[in-house]
Each structure stands twice: as structure tokens, then as C-alpha cells.
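What you see is a predicted model; the values in this text were computed from it and never measured.
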Amino acid sequence: MTTDTLNERVLRVNGKDIFVADTGTGPHVVLLHGGGPGASGVSNYSRNIEPLAQHFRVLVPDMPGYGRSAKGVDGSDPFGYLADHIRGMLDVLGIDRAHLVGNSYGGACALRLALDTPHRVDKLVLMGPGGVGTTRGLPTAGLKSLLGYYGGDGPSLDKLRTFIHTYLVYDGDAVPDSLIQTRYESSIDPEVVANPPLQRPSSPRTLWRMDFTRDPRLARLATPTLVMWGRDDKVNKPRGAAMLGRRMPNADVLLTANTGHWVQWERADFFNAVTTAFLKG
């Protein structure tokens, strides 16, 4: 993907700086990235922005705590904090409604935004979203690796390489070293190390609040939703797809073969085609 077609800016949202890139014309689609170390919007959606921008106005923020956005996330209600800032970004841009596409942490942000303010969301596309059934079983090895990145001896290139190769994707050899290096450099920003944006829940109450399957609003959320989940996801359990499918009245569920936690990157052509068809349909 070439970045010279992207319009980049920093917006002041709820007293914090939020970086956002956008390109294309048409209905608004917001791409919300995952919460892994060193993640950012444009890097996580590098294989999707241009294809989607042929049909939509694509907005790609760095979520709070990541990339060029202000650091720090409210640990007592992280999903709500992210959702409030993304909704605030839409307010600043004068956008009343948008499609939301979210992977992992970004999927949790998108779902929370839709639950809190359903009138702001046209359609949802969720790829292995966080916060689904997290109080109904032990965390995966991949999630433990993710949450432990800043613990122990602190962040390291080896830790990040292990997480990406072993847990993030189905085929670790497909991920170039340059991508891992770039993410590592972002992950060791002193502000991020001091206050990582993705941490273990701060209390049992927070943990319960961060499980969408405990939220009675989920069964009433009429937003048309496409849930995509990698069959081999080692970070968020693929059974979460069926949990959402059972609880959400208008959720289509798609389990993708030979795919880990990063559907939009690992199966980019498939993802771009299915997402475009769903959002335009």
C-alpha cells in the first residue's frame, strides 16, 4: 500500500490527540486496529485500505494508547474509553453514522460503541473481537503472551517475534521481519512502557464489564453485523464467534480456514471482498 494517497491529521478529542488517516469517497468506514504491542491503524490495515477506498471513505485512526495518538487508557473501563474517543473523533469530523470494522481490541471498541450509541453505527464487521466470553473460561496462551509483553523483564524483540510468529497468525513465516521491527520500535515508546494500553483487568468488576456476553444489551443490538473469526485463532477463542451469533439478532458468522487472529492481513483478498459485499449489500 502506498501512503501518499492518505490524508493524515491529528484531531483534539476529549482533550486528547487522536491521529487519523483517511482516503476514498463514499459511505464512511472506520477501521479499528488490534491491541498488540506496537500496533497502529495504517500498519494493521496495510492490505485493506486501498481496496476498501475504491468503494468507501475509509478512516483509519490510531486508537488511544497507540501510534501517533495520545497515550494512556482508562483501566477501569478500557472498552468504554476507546469507544468514547472514537465516537468523539466522529463528532469532530461531523460524521453522524459510520460502518465500524474492528479487529481484536478494535473489535471490542466497535462493539462497545454500538452498544452505547447504536444510532451512530450503520453496520459492524468484527474480526476476532476482544471481550467475548472472557469470564467463561481460562485465557488462551496467546492472550497470556500478549498481556505479559510488558511484564517480567519488559518488552523485547524476541518476545514480540514469539507472539507474532506463534500466536498472532497461522503462518508465522509469512510475516516479514521489517514489520516486526517496526512494531517493536513503536512498542518501546517510554510513554507506552510506563502505561501500556492493553493490560489485565484491574478488578473482578472490570473483568465482568469487559465480557460482552454478560451485557444484556447485546441481545437487543439490531445492528447488521458480520463476525469473522480465524479457525486457528490462538489469542481470542474461535468459539466466541458462535457466542455472538447466538446472542446478536442480526449477526452473520464466518469462520475462516487456515487463519489466526489477523484475518484482514492473513486473508486480505478474501476479507476485502467479503467486507465490501457486506457493507454495500
- prompt: Does R220 use its side chain to pair, donor to acceptor, with the backbone of L115 at less than 3.5 Å?
  reply: no
field: Whether D62 side chain and G41 backbone form a donor-acceptor pair below 3.5 Å
entry: yes
Backbone N/O of Y150 and side chain of K159: donor-acceptor pair under 3.5 Å: no
- prompt: Taking the six-membered ring for Trp, are F79 and F212 parallel (under 30°), tilted (30 to 60°) or perpendicular (over 60°)?
  reply: parallel
query: Any side-chain heavy atom of P27 sitting closer than 4.5 Å to one from R57?
result: no
query: Looking only at heavy atoms, which two atoms of P129 and N236 are closest? And how far apart?
result: O-ND2, 3.4 Å
message: With clusters defined by side-chain heavy atoms of hydrophobic residues (ILVMFWY) lying less than 4.5 Å apart, directly or transitively, does L207 cluster with V132?
response: no
message: So, taking the atom named CZ in R217 and the one named CZ in R247, what distance separates them when rounded to the nearest 0.5 Å?
response: 15.0 Å
Donor-acceptor contact below 3.5 Å, side chain E266 vs main chain G260: yes
- prompt: For the ring pair F56 and H28, is the centre-to-centre distance below 6.0 Å?
  reply: no
query: When hydrophobic residues are tied together by side-chain contacts of less than 4.5 Å, even through go-betweens, does W229 share a cluster with L254?
result: no
task: For the residue pair S69 and D17, establish whether any side-chain heavy-atom pair is separated by less than 4.5 Å.
output: no
- prompt: With distance as the sole criterion, is a donor-acceptor pair present between the side chains of S40 and H33 under 3.5 Å?
  reply: no
message: Please tell me whether T213 and R136 have a donor and an acceptor in their side chains that are separated by less than 3.5 angstrom.
response: yes
statement: When rounded to the nearest 0.5 Å, the distance separating CD1 of I86 from SG of C109 is 5.0 Å
message: Using modelled atom types and a 3.5 Å cut-off, is there a donor and acceptor pairing between side-chain atoms of K71 and backbone atoms of G67?
response: yes
query: Does a donor on one side chain and an acceptor on the other come within less than 3.5 Å for D211 and T135?
result: yes
message: Would the distance check show the side chain of D233 and the main-chain N or O of P238 forming a donor-acceptor pair, the cut-off being under 3.5 Å?
response: no
- prompt: Between the side chains of K280 and H55, is a donor N or O closer than 3.5 angstrom to an acceptor N or O?
  reply: yes
query: Nearest heavy-atom pair of G107 and L126: which atoms, and what distance?
result: O-CD2, 3.6 Å
field: Any T166 side-chain heavy atom under 4.5 Å of S145 side chain
entry: no
- request: Verify side-chain contact (heavy atoms from CB on, under 4.5 Å) between N103 and Y45, making sure each step is shown before the conclusion.
  value: CA-CA 10 Å; N103 175 226; Y45 287 101; 3.8 Å; yes
- request: Assign the ring pair W265 / W262 to parallel, tilted or perpendicular, where the plane angle (0 to 90°) is split at 30° and 60°.
  value: parallel
task: Could you tell me whether the side chain of K123 and the main chain of G281 form a donor-acceptor pair under 3.5 Å?
output: yes
task: Determine whether the side chains of S203 and T206 contain a donor N or O and an acceptor N or O closer than 3.5 Å.
output: yes
query: When you measure from the side chain of K237 to the backbone N and O of L138, does any donor-acceptor pair fall under 3.5 Å?
result: yes
task: Start with the C-alpha distance between R161 and I180, add both sets of side-chain angles, then the distance that settles side-chain contact (heavy atoms from CB on, under 4.5 Å), and finish with yes or no.
output: CA-CA 7 Å; R161 185 179 289 112; I180 298 172; 4.2 Å; yes
field: Side-chain heavy atoms of T275 within contact of V29, under 4.5 Å
entry: no
task: Going by the side chain to side chain donor-acceptor pair (under 3.5 Å) test, name the single residue among D84, D77, D215 that passes it with R112.
output: D77
- prompt: Side chains of V20 and V60: closer than 4.5 Å at any heavy-atom pair?
  reply: no
- prompt: Under a 4.5 Å side-chain heavy-atom rule over Ile, Leu, Val, Met, Phe, Trp and Tyr, are L124 and M228 clustered together?
  reply: no
- prompt: Going through the distances and angles, do Y66 and Y105 end up as a side-chain contact (heavy atoms from CB on, under 4.5 Å)?
  reply: CA-CA 12 Å; Y66 294 88; Y105 210 24; 3.7 Å; yes
task: Could you check if a side-chain atom of L226 sits within less than 4.5 angstrom of a side-chain atom of V274, using non-hydrogen atoms only?
output: yes
query: Have T117 and R87 got a donor and an acceptor in their side chains that come within less than 3.5 Å?
result: yes
query: What is the minimum heavy-atom distance between V193 and P155, and which atoms define it?
result: CG2-CG, 4.3 Å
field: Separation of M63 CE from I18 CD1 (nearest 0.5 Å)
entry: 10.0 Å
field: Heavy-atom side-chain contact between P37 and L146 under 4.5 Å
entry: yes
- prompt: Where is the tightest heavy-atom contact between D96 and R120, given as atom of each residue plus distance?
  reply: O-NE, 2.6 Å
statement: Closest non-hydrogen contact found for R47 with A268 is CB-CB, 3.6 Å
- request: Report the distance from atom CG of D22 to atom CG of L31, rounding to the nearest 0.5 Å.
  value: 11.0 Å
message: I need the minimum non-hydrogen distance between P118 and L221, along with the two atoms involved.
response: CB-CD1, 4.0 Å
- prompt: Is it true that the side chains of H99 and D122 contain a donor and an acceptor less than 3.5 Å apart?
  reply: no
task: Output yes when a side-chain donor or acceptor of T225 lies under 3.5 Å from a complementary backbone atom of T223, and no otherwise.
output: yes
message: For a 4.5 angstrom cut-off between non-hydrogen side-chain atoms, does S104 reach H261?
response: yes
Flag for E185-Q181: side-chain donor and acceptor within less than 3.5 Å: yes
statement: Rounded to the nearest 0.5 Å, the CG atom of L168 sits from the OG1 atom of T162 at a distance of 12.5 Å
field: Geometric cation-pi criterion, R267 with F271: 6.0 Å, 45°
entry: no
query: Among the clusters formed by ILVMFWY side chains lying less than 4.5 Å apart, do L218 and V121 turn up in the same one?
result: yes
S156-D158 side chain donor-acceptor pair, cut-off 3.5 Å: no
message: The test is side-chain contact (heavy atoms from CB on, under 4.5 Å); show your working for V30 and V101 and say whether it passes.
response: CA-CA 6 Å; V30 181; V101 177; over 6 Å; no
- request: Examine distances only and state if a side-chain atom of N44 and a backbone atom of A39 form a donor-acceptor pair shorter than 3.5 Å.
  value: no
CD on Q54 to CG on N272, rounded to 0.5 Å: 9.0 Å
query: Is it true that L100 and F278 fall in one hydrophobic cluster, defined by side-chain heavy atoms closer than 4.5 Å?
result: no
